[in-house]
Amino acid sequence: MENSVKRLGKVFSLHRLSGTGLVLATLFFAFSLTPSLVPRPMAAQGVVSGLSFAAGYALGVVGHTLWRYLHLPEPNPTLERYLKWLATLICLGISILFLWRAAAWQDSIHQLMGMEPAKGTRPLSIALIALGVFLFLRIIGLLFKRTYRLLSRKLAHILPRRTAYVLGTVTAVALFWMIIEGVIFSSALQVADRSYQEIDELIQDDLVAPNDPMKPGSADSLISWEALGSRGRRFVTQGPTGADISAFLGEQAQDPVRVYVGLNAAETPTERAQLALEELIRVGGFERSVLVLATPTGRGWVDPSFQHPVEYLHRGDIATVAAQYSYLPSHLSLISEAEYGVENARALFTTIYDYWSAMPQDERPKLYLFGLSLGALNSDLSFDLYDIINDPFHGALWSGPPFRSDTWRNVTANRDPGSPAWLPTFRNGDVVRFMNQYQGLNEATGEWGDFRIAYLQYASDPITFFEPDAFWREPEWMQAPRAPDVSPQLRWYPVVTMLQLLADLAIGSAPPGYGHSIAAEHYIDAWVALSEPPDWDEQSLQRLREHFAQLH
């Protein structure tokens, strides 16, 4: 035991660490403490800083190795030792300075978003977490190095030395990849999927099956209470009733129609889509003036901030249909079940659209698509333009579109000259329009046609504006003019900014109206412009905005 401790101490002793690596690691560590898009909790900051430190150290080691390989001049050992100590002191000073500034940088985001000043930004705790992450990754790196050397030595007995080194490296990479991706990652996903499935099947104590035979989950429904799933049970029972809408408007309103099919309601996407269609017909969904096909997020969640306001706007004369496609949260579902989500969305759209398009035009409801986050991506992929061009539906509202959305990326990349990447104008807004918390959909100069696509996005949303390319270049949305909800102190740093955005994407949170939390008042403005509900003036809309603002 004592020998093991001594060996471990030698591995992490200062003279065994690369001086170049430490300098670059410290710079990356310091940069990681600067603000990104959304506030970061202390633990998340520690992890980001640890990853940044490790990335800087690795790049420094690679650079120093390449310098030596090219036989470029180096200082003598004595001078190198003094330089390493001097570099260590400078690095320590830089780290202390940036750790001291970390709270102020986080406050710059809090102030923009109307939040209380940052609390719990503990410099020592962040440093210790970062150190722990670095030590863990260094141990992994040393294990890889030993594996590579062992394999290379074995291969050198039967192959030329350089060939053995190349094959040893490739084999070591493949071995570690199989262990991490094929064993650890896959097992974790399977455990997560089973756990979320068990949660989804639990019957909530605060919900009871509806007695109304026209509600999904009732005794007369084609979809049982159990088959709705956890998210579906809440979706069909927790919305506003006709009485709620009537009380607010002071006039008669209908009960909105909501249909939801849980993942365990049928075996295949096609069967679930057919079940949704039959239930929608049974409860009179196609008899309403507006029909919304909502694609949920990963676990089957449909955002109430979207759902409730649009039902008020159309006085309950609206039906919404949705189908679950995963038990996992969106970020895990996107990794492990991306194609399955698209398959489900396409099956539901095709089934509903085929029935809707066969109806007489003067008898069918206006058809809109909706999706938030991963739901926006799958909703976008649920139809082919060539299948609907002769009889298009009326429009789509996609909020918080993920950076992986091809349509969103293409439209943003080909935006009209002079419009910013965080709020583009595309071909004068004749078909596609963008809005955020500062500018609505009606600001475009073109005439919005009968087929409308609307994006509701915030510039501070990491789900939308994460870019893998931020590893080596500055994203366009960071360039001037910068969005009002993005900290002016945000700067681009190679490697580090990508890690910051990755952390924002995974665990970042923000109040409604910022980040990935879409506010109900902005959904109201979006649906008014997109679907043009009758008999709403600005005074009535402001009253509706205030009503939903009080609910949060």
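On a predicted model such as this, the values are computed, not experimentally measured, just so you know.
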Peer 1: Which of parallel (below 30°), tilted (30 to 60°) and perpendicular (above 60°) describes F31 and F98?
Peer 2: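 Perpendicular.
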Peer 1: Do F403 and T464 come within less than 4.5 Å of each other through their side chains, counting heavy atoms only?
Peer 2: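 A side-chain contact under 4.5 Å is absent here.
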Peer 1: Please name the pair of heavy atoms, one in I126 and one in L33, separated by the smallest distance, quoted to 0.1 Å.
Peer 2: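 Closest heavy-atom pair between I126 and L33: CG2-CD2, 4.1 Å.
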Peer 1: Give me the atom names and distance for the closest heavy-atom approach of A459 to W422.
Peer 2: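 Taking every non-hydrogen atom into account, CB-CB, 3.7 Å.
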Peer 1: Check whether any side-chain heavy atom of V411 sits under 4.5 Å from a side-chain heavy atom of I453, and report yes or no.
Peer 2: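 With C-beta onward as the side chain, the pair stays apart.
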Peer 1: Can you see whether S419 engages T425 through a side-chain donor-acceptor pair at a distance of less than 3.5 angstrom?
Peer 2: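 Checked: S419/T425 side chains show no N/O donor-acceptor pair below 3.5 Å.
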Peer 1: Mind running side-chain contact (heavy atoms from CB on, under 4.5 Å) on F28 and V495 for me, showing each step along the way?
Peer 2: CA-CA 8 Å; F28 277 29; V495 182; 3.7 Å; yes
Peer 1: Got a sec: does the OH of Y493 have more than 12 other heavy atoms crowding it under 6.0 Å?
Peer 2: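 Yes, because the 6.0 Å sphere around OH of Y493 holds more than 12 heavy atoms from other groups.
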Peer 1: Please tell me whether S108 and S487 have a donor and an acceptor in their side chains that are separated by less than 3.5 angstrom.
Peer 2: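 Side-chain D/A pair, S108 to S487: present.
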Peer 1: Taking W492 for the side chain and A470 for the main chain, is one N or O donor matched with an acceptor at less than 3.5 Å?
Peer 2: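 Present.
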Peer 1: Which heavy atom of P402 sits nearest to which heavy atom of A376, and what is that distance?
Peer 2: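 Where P402 meets A376 most closely, the heavy atoms are CD-CB, 4.3 Å.
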Peer 1: Restricting to non-hydrogen atoms, name the atom on P35 and the atom on I109 that form the minimum distance, rounded to 0.1 Å.
Peer 2: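 Smallest interatomic distance, heavy atoms only, reads CB-CD1, 3.7 Å.
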Peer 1: Does the H516 side chain pair with the main chain of I463, one donor and one acceptor, at a distance under 3.5 Å?
Peer 2: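 Looks like no, no N/O pair under 3.5 Å.
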Peer 1: Looking only at heavy atoms, what is the nearest atom pair of I518 and L372, with distance?
Peer 2: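 Closest approach of I518 to L372, heavy atoms only: CG1-CD1, 4.0 Å.
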Peer 1: State, yes or no, whether a side-chain contact exists between I524 and F548 at a heavy-atom distance under 4.5 Å.
Peer 2: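 Answer yes - side chains close enough.
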Peer 1: So does A503 get a backbone contact from the side chain of R40, meaning a donor-acceptor N/O pair under 3.5 Å?
Peer 2: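 Answer holds: no.
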Peer 1: Check whether any side-chain heavy atom of Y455 sits under 4.5 Å from a side-chain heavy atom of T412, and report yes or no.
Peer 2: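 The answer is no; the side chains never approach within 4.5 Å.
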Peer 1: Determine whether E467 and R473 make a side-chain contact, defined as any pair of heavy atoms from C-beta on separated by less than 4.5 Å.
Peer 2: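 When only atoms from C-beta onward are counted, R473 and E467 do touch, with a gap below 4.5 Å.
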Peer 1: For the residue pair H308 / Y523, report whether a side-chain donor-acceptor contact shorter than 3.5 Å exists.
Peer 2: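 Note: Y523 and H308 side chains miss the donor-acceptor criterion.
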Peer 1: Nearest heavy-atom pair of T295 and A345: which atoms, and what distance?
Peer 2: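 What the structure gives for the nearest pair is CG2-CB, 4.4 Å.
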Peer 1: When rounded to the nearest 0.5 angstrom, what is the spacing between CZ in F434 and CZ in F426?
Peer 2: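 The distance works out to 8.5 Å.
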Peer 1: Around Q479, counting heavy atoms of other residues, nucleotides and ligands shown, do more than 12 lie under 6.0 Å from its CD?
Peer 2: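 Atom CD in Q479 is packed in, count exceeds 12.
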Peer 1: Quiz question: by atom type and distance under 3.5 Å, do the side chains of N378 and Y325 form a donor-acceptor pair?
Peer 2: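 Short answer, yes.
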Peer 1: Does a side-chain heavy-atom distance below 4.5 Å link E474 with M478?
Peer 2: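 Yes, close enough: below the 4.5 Å cut-off.
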Peer 1: When rounded to the nearest 0.5 angstrom, what distance separates CG in L441 from CG in D525?
Peer 2: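 Rounded to the nearest 0.5 Å, the CG-CG separation comes to 8.5 Å.
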Peer 1: Looking at CD of Q307 and CG of D303, how far apart are the two atoms once the value is rounded to the nearest 0.5 Å?
Peer 2: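 The CG atom of D303 is 9.5 Å from CD of Q307, to the nearest 0.5 Å.
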Peer 1: I'd like to know whether CZ of R409 has more than 12 heavy-atom contacts from other residues, nucleotides or ligands below 6.0 angstrom.
Peer 2: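 Yes, CZ of R409 has more than 12 neighbouring heavy atoms, counting only those of other groups under 6.0 Å.
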Peer 1: Answer yes if the side chains of D485 and S460 hold a donor-acceptor pair under 3.5 Å, and no otherwise.
Peer 2: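 Looking only at side-chain atoms, S460 and D485 do form a donor-acceptor pair, the distance falling under 3.5 Å.
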Peer 1: Over 60° means perpendicular and under 30° means parallel, so classify the ring planes of F370 and F306, tilted if in between.
Peer 2: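 Judged by the thresholds at 30° and 60°, the geometry between F306 and F370 is parallel.
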Peer 1: For the backbone of G300 and the side chain of Y260, can you confirm whether one donor and one acceptor N or O come within less than 3.5 Å of each other?
Peer 2: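 A pair under 3.5 Å: yes.
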Peer 1: Rounded to the nearest 0.5 Å, how far does CG of L37 lie from OH of Y514?
Peer 2: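 Y514 atom OH to L37 atom CG measures 14.0 Å (nearest 0.5 Å).
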